[in-house]
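Nothing here was measured: the structure is a model prediction, and the numbers come from that model. Chain letters run A, B, ... following the sequence lines, proteins first, then strands; residues in each count from 1. The figures that follow rest on heavy atoms only: side chains count, while hydrogens, waters and symmetry mates do not.
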Amino acid sequence: MTVSQLSIFAESKPGHLARVLGVFEGAQVNVRGFSLADTGEYGITRFIVDKPAAAAEALAREGFAYIETQVVCMKLDDEPGQLARVVAVLGKADLNIVYSYSMISTYIIIGTDDAERARCLLAEAGFSLVTQADIARASAERLSAQG
Amino acid sequence: MIAAAQAGRFDDLPLYDRAIETMPREELRALQLAKLKEQVAYTYQKVEHYRHLMDQMGVTPDDIRTLDDIRKLPFTDKSTLRDTYPYGLFAVDLDDIIELHASSGTTGTPIVVGYTRADMDVWSDCIARLVQMAGVVPGDIAQMAFGYGMFTGGFGLHYGLQKLGCAMIPAGSGNTERHIKMIEDYGTTVLIATPSYAMHICEVGEQMGYDWEASSLRVGLFGGEPCPPALKAELERRMHIVCTDNYGLTEVMGPGVSGECLAQRFQQHIAEDHFLAEVVDPVTGEPVAEDQVGELVLTPLDKQGIPVLRYRTHDLTRLTTEPCVCGRTHARMDKVRSRSDDMLIIRGTNVFPSQIEDVLAGIDEVTPHYHIIVETKDGMDALTVETELRPEKMSDSFEQMERMRRTIADKLKGTLLVGVNVRLVEPGGIQRTTGKAKHIDDLRQR
């Protein structure tokens with residue numbers, strides 16, 4: 001199972017990220033991980049959230065340019081060499097990593113041209129893959145722990 | 001009525017003043033000549049500025065024997081109205097003036113114009129004619145989204161629509177959400193706005209969840225700024241209305257000089273019984289042939305308050321007198337897409353904003369909104385075009401986004417023949433305005 005990522009067009013100007021996050025807050029969407037990348041003139045901000053459908057709906061309503069894509073998320077053991085193993089698996093299969101970022105310490109997001117294939121390769125190599133449900137659950141558990 | 005136009009049944013469409021609007025061209029020209037002779041005599045007699053100029057040139061009103069003789073007369077430029085500000089060109093006592101208007105002053109000192117009761121009658125007549133031509137019928141409910149005030153657009157359309165028999169809602173510009181509520185509550189059928197403000201109303205309505213398809217709104221009347229064809233098409237599609245735009249300028253009257261009929265969507269019929277139109281080479285001032293692009297020069301034929309002669313509009317267009325399927329015989333001008341004075345010279349090449357509009361209109365990934373920035377970089381002119389990404393064209397890949405940006409830049413370069421930096425901005429990122437849209441920032445060091 002791959003996970004949904006929301007990639008949002010961002011002009012490089014102050015206040016843009018605040019506007020996006022305001023929309024998420026208004027829709028009661030919790031951000032579980034994100035990455036900002038920029039060309040100097042514009043950028044792509046990528047988000048992993050607990051409720052991708054609600055987030056997408058809120059973004060559309062506010063007129064943002066965004067796209068929902070599938071990426072792979074896996075939980076690595078917190079020890080040396082783990083990330084190296086991941087990239088080795090994909091490299092050996094000639095699957096290019098277009099971008100990658102970490103979510104929560106050892107939760108690593110990887111974007112490729114073929115998310116499903118990357119997922120299979122990494123699952124076969126024994127990595128612990130994170131699902132959308134896991135992400136939602138983590139958010140819900142934290143809330144109930146607070147509650 | 002609009003259905004009849006779409007089906008090509010133009011015979012079914014009502015005309016506001018059939019006798020004048022379908023007058024055979026020979027008769028129309030005879031009418032123009034008779035009016036021109038009177039108008040030149042009136043102007044010579046009443047306005048010192050013109051009497052002085054014509055005396056210097058050795059021309060008298062008796063020298064006007066044919067319509068072509070108008071070329072013997074001096075041109076009038078905006079600077080003449082500024083130099084004689086406020087009342088220097090007025091031909092009547094202020095007692096006879098019943099309304100004053102001023103230009104928006106976007107390009108310098110404002111100018112002021114005055115209308116007699118007879119001028120107001122002609123003006124509202126011209127408007128009634130053009131709104132009928134655009135699909136408005138008596139009984140329509142017309143909502144004004146132009147600002148009123150000194151700008152000629154607001155009151156000009158207001159009086160003309162009333163003259164045709166419409167109920168006016170004088171909402172004025174701004175407070176977009178209230179506009180949408182009024183359309184809904186009052187059953188508005190006609191919206192008068194600048195095209196860029198109409199787009200803003202459309203977008204705000206969509207965000208509020210207003211259903212434009214189910215709306216009572218039927219007709220959009222646009223003016224105040226040029227309306228790019230792609231923007232018009234988009235408004236028609238999204239708001240489910242028929243949009244036309246009309247042309248005019250404060251210096252010769254205001255809106256009402258020409259308007260679009262439902263048969264020719266890229267041209268406008270000139271009210272030739274009230275205006276004599278010439279097209280001249282913007283540099284030499286010499287006439288160009290019919291169908292050739294040049295600067296529009298207008299002479300109002302029965303204006304009493306300020307009777308300007310040969311007003312240089314700086315608007316580039318061309319005229320045709322070919323018969324129109326709508327039945328009107330009055331000449332058509334191409335919609336004004338560019339002005340002789342907003343031509344940009346980039347590294348020695350002439351660039352018109354309308355060329356940029358046309359290229360962007362052919363690109364699916366972006367909206368028709370744009371903004372041009374010209375700067376000096378390393379001693380050279382650098383042209384940047386900002387364009388809005390359409391929400392659904394977003395990609396997760398910089399490679400694809402950059403490819404899109406380069407494709408747009410290449411297409412622009414292919415048409416403009418100068419290199420362009422394209423900057424993608426987010427949807428809604430280009431400012432929409434209620435007045436004249438500001439498309440160009442020229443920041444070059446002079």
Worksheet item: Between Thr39(A) and Glu402(B), does a side-chain hydrogen bond (donor to acceptor under 3.5 Å, both in side chains) hold up when you go through it step by step?
Response: CA-CA 9 Å; Thr39(A) 62; Glu402(B) 279 301 288; 4.9 Å; no

Fill in: Carboxylate-amine/guanidinium proximity below 4.0 Å for Glu177(B) and Lys181(B)
no

Discussion item. Let's test your reading of the structure: which of Arg46(A), His16(A), Glu68(A) forms the most heavy-atom pairs below 4.5 Å with chain B?
Written reply: Arg46(A)

Worksheet entry | Test: Glu365(B) and Arg390(B) ion pair at under 4.0 Å | no

Practice prompt. Please look at Gln5(A) and chain B and tell me whether the side chain, the backbone, both or neither of the residue comes under 4.5 angstrom of a heavy atom of that chain.
Written response: side chain

Validation: residues 80-97 of chain A side-chain donor-acceptor distances under 3.5 Å, sequence neighbours left out:
unit_1   : atom_1 : unit_2    : atom_2 : d
Gln82(A) : OE1    : Arg85(A)  : NH1    : 3.2
Arg85(A) : NH2    : Ala125(A) : O      : 2.9

Worksheet entry | chain A-proximal positions within residues 413-430 of chain B [heavy-atom distance under 4.5 Å] | Asn421(B), Val422(B), Arg423(B), Leu424(B), Val425(B), Glu426(B), Pro427(B), Gly429(B)

Item to complete: Anything in residues 58-65 of chain A with a heavy-atom distance to chain B below 4.5 Å? Please list those residues in order.
Response: Arg61(A), Gly63(A), Phe64(A), Ala65(A)

Discussion item. So that I can tick it off, tell me whether Lys232(B) and Glu236(B) are bridged by a salt bridge, with the cut-off set at under 4.0 angstrom between side-chain N and carboxylate O.
Written reply: no

Worksheet item: Just checking, is any N or O donor in the side chain of Glu184(B) or Ser215(B) under 3.5 Å from an acceptor N or O on the other one?
Response: no

Response to the item:
Looking only at heavy atoms, the pair that brings Gln400(B) and Ser395(B) closest together is OE1-OG, 3.2 Å

Worksheet entry | Pick from Lys393(B), Met401(B), Glu388(B) with the largest number of heavy-atom pairs that fall under 4.5 Å of chain A | Met401(B)

Fill in: Top of Ala10(A), Ala37(A), Gly111(A) for chain B proximity - count of heavy-atom pairs under 4.5 angstrom
Ala37(A)

Discussion item. So, using ring-ring contact (aromatic ring centres under 6.0 Å, His included) as the criterion, who are the partners of Phe24(A) when residues are at least two apart?
Written reply: Phe47(A)

Discussion item. Is there a side-chain contact between Arg32(A) and Asn30(A) in this structure, where contact means two heavy atoms from C-beta onward sitting under 4.5 Å apart?
Written reply: yes

Item to complete: Kindly say whether the aromatic ring centers of Phe9(A) and Tyr66(A) come within a distance under 6.0 Å.
Response: no

Worksheet item: Do side-chain atoms of Trp212(B) reach the backbone of Gly205(B) as a donor and acceptor pair under 3.5 angstrom?
Response: no

